[in-house]
Protein chains: 2
Amino acid sequence: MARVQKNNGGDRLERLMKIEEVARACGLTKRTVRYYEEIGLIPPPERSEGGIRLYTQAHIDRLNKMLNAREVLGFSLQELQQHLAMRDELEAYRKSPPPPGAEAEVRTKLTEVDRLIAEHLALTERKMEGIRELQAELRGIRERIRKRLVQLEDA
Amino acid sequence: MARVQKNNGGDRLERLMKIEEVARACGLTKRTVRYYEEIGLIPPPERSEGGIRLYTQAHIDRLNKMLNAREVLGFSLQELQQHLAMRDELEAYRKSPPPPGAEAEVRTKLTEVDRLIAEHLALTERKMEGIRELQAELRGIRERIRKRLVQLEDA
DNA sequence: CCTAACCTTTACGTCAACGTTAAGTTTAGG
DNA sequence: CCTAAACTTAACGTTGACGTAAAGGTTAGG
């Protein structure tokens with residue numbers, strides 16, 4: 001009873017993976033991957049007839065991008081959700097033709113998203129600055145240590 | 001009964017601040033500042049005779065540096081504690097003369113700390129890389145939005 | 001067809017990092 | 001001296017982000 005489209009020669013090489021592989025590829029646990037789906041952070045993937053989650057490489061790529069954004073910006077999963085929702089809505093605009101008549105609305109939306117992007121970019125700049133500060137301090141400490149080591153060596 | 005050294009002309013301008021001012025200066029709540037002390041993240045400050053915490057600017061500076069390191073490296077408070085303990089132990093070596101005879105031990109310690117610093121620096125580099133990736137993606141999205149806006153403008 | 005290895009849902013558990021009363025003490029200003 | 005505003009400790013509550021265990025279904029290989 002399980003004729004998952006294991007390899008329908010038509011579709012391009014769309015390898016289907018079960019959850020464990022995805023988890024490994026993203027450095028997460030299976031529980032965490034399911035949890036992310038549960039809270040709507042990632043879209044529910046296809047299922048086998050038996051109900052087993054089947055992912056593609058696209059899912060992995062997306063997840064990894066998310067995780068990077070999360071780590072970099074220090075976003076909570078909720079904030080990340082916002083970020084993604086926005087990104088997806090945008091993608092939707094690209095796919096489906098903008099319903100004629102609602103152009104003004106679309107423009108408003110786009111402008112709004114543009115502002116958000118700018119905000120996030122600003123955030124990355126601040127992060128950069130923070131990193132540089134920390135680096136400066138770390139290098140300072142390292143210098144002092146090295147001097148100290150040399151002193152010990154001489155004595 | 002409260003003659004805190006409110007302003008003993010001898011000490012240089014060591015303004016003493018109560019917890020609220022510190023909290024504001026660091027963007028924390030009073031509870032959080034006490035909590036950080038509770039878990040040993042910051043050293044217990046002086047107290048007034050009535051038991052009120054009295055901080056100096058040095059406390060604020062230290063706290064802010066910590067918070068930056070935390071944000072940048074994504075450290076937990078525990079990890080941050082390690083980082084600080086190390087930094088302080090190092091400072092102690094600078095103050096007190098190295099007990100003669102224990103030079104080998106000191107050298108080992110210094111080398112170890114040096115390695116840790118290098119590790120942290122490496123971490124900052126990876127963070128930088130992550131940020132650049134995210135920036136690239138954000139800029140990509142922005143570009144697409146702008147093109148889209150221009151299209152709408154033309155129509 | 002069998003079975004071990006993997007998958008599923010459900011639900012309770014946990015841990016860090018604080019938030020939030022509560023009940024009492026100190027302190028600065030009038 | 002008195003009082004409101006800010007401080008104190010103590011203790012329980014909350015939230016996010018999963019961990020873990022139970023009980024059972026699916027799947028691939030022999």
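Scope of the values below: all heavy atoms of this structure, side chains included, with no hydrogens, waters or symmetry mates. The chains referred to below are lettered A, B, ... by the order of the sequence lines, with proteins before strands, and numbering in each begins at 1.
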For nucleotides 1-4 of chain C, list the nitrogen or oxygen atoms of the protein found under 3.5 Å from its nitrogen or oxygen atoms, one pair per line.
none

Rounded distance (Å) that lies between atom [atom2] of [N] and atom [atom1] of [X]:
X       : N      : atom1 : atom2 : result
A/Ile39 : D/dG19 : CD1   : C1'   : 15 Å
A/Tyr35 : D/dT20 : OH    : P     : 16 Å
A/Glu38 : D/dG19 : CD    : C1'   : 13 Å
B/Leu16 : C/dA28 : CG    : C1'   : 16 Å
B/Arg53 : D/dT8  : CZ    : C1'   : 7 Å
A/Arg34 : C/dT10 : CZ    : C1'   : 12 Å
B/Glu37 : C/dA17 : CD    : P     : 17 Å
A/Lys18 : D/dT26 : NZ    : P     : 13 Å

Problem set entry | From C/dT9, D/dC7, C/dC18, nucleotide with atom closest to A/Arg47 side chain |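 Nearest listed nucleotide: C/dT9.
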For this session: Measure from the side chain of B/Arg31, starting at C-beta and using heavy atoms only, and say which of C/dA11, C/dC7, C/dT20 lies closest.
Result: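 Of the candidates, C/dT20 comes closest.
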Exercise. With a 4.0 Å cut-off on heavy atoms, is A/Ile19 in touch with a base, just the backbone sugar-phosphate, or nothing at all?
Worked result: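 Result for A/Ile19 = sugar-phosphate.
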For this session: Under 4.0 Å from any atom of DNA chain C, heavy atoms only: list the residues of residues 66-87 of chain B that qualify, in numerical order.
Result: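 Output list: B/Arg70, B/Ser76, B/Leu77.
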Salt-bridge test for [X] and [Y]: reply yes if a basic N is under 4.0 Å from a carboxylate O, no otherwise.
X        : Y        : result
A/Arg34  : A/Glu37  : no
B/Arg146 : A/Asp114 : yes
B/Glu129 : B/Arg132 : yes
A/Glu79  : A/Arg70  : no
B/Asp88  : B/Arg62  : yes
A/Glu119 : A/Arg115 : yes

Return no unless some side-chain N or O of [X] is found under 4.0 Å from OP1 or OP2 of [N].
X       : N      : value
A/Thr32 : D/dA17 : no
B/Lys30 : D/dA6  : no
A/Thr29 : D/dC18 : no
B/Ser48 : C/dT27 : yes

For this session: Check side-chain hydrogen bond (donor to acceptor under 3.5 Å, both in side chains) between A/Glu137 and all other residues, then give those that pass, not counting sequence neighbours.
Result: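 Residues passing side-chain hydrogen bond (donor to acceptor under 3.5 Å, both in side chains) with A/Glu137: B/Arg87.
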Using the ring pair (Phe, Tyr, Trp, His ring centres under 6.0 Å) rule, collect all pairs that involve [range], keeping only residues at least two apart or in two chains.
range                       : value
residues 111-147 of chain B : B/Phe75-B/His120, B/His83-B/His120
residues 38-66 of chain B   : B/Tyr55-B/His59
residues 25-50 of chain A   : none

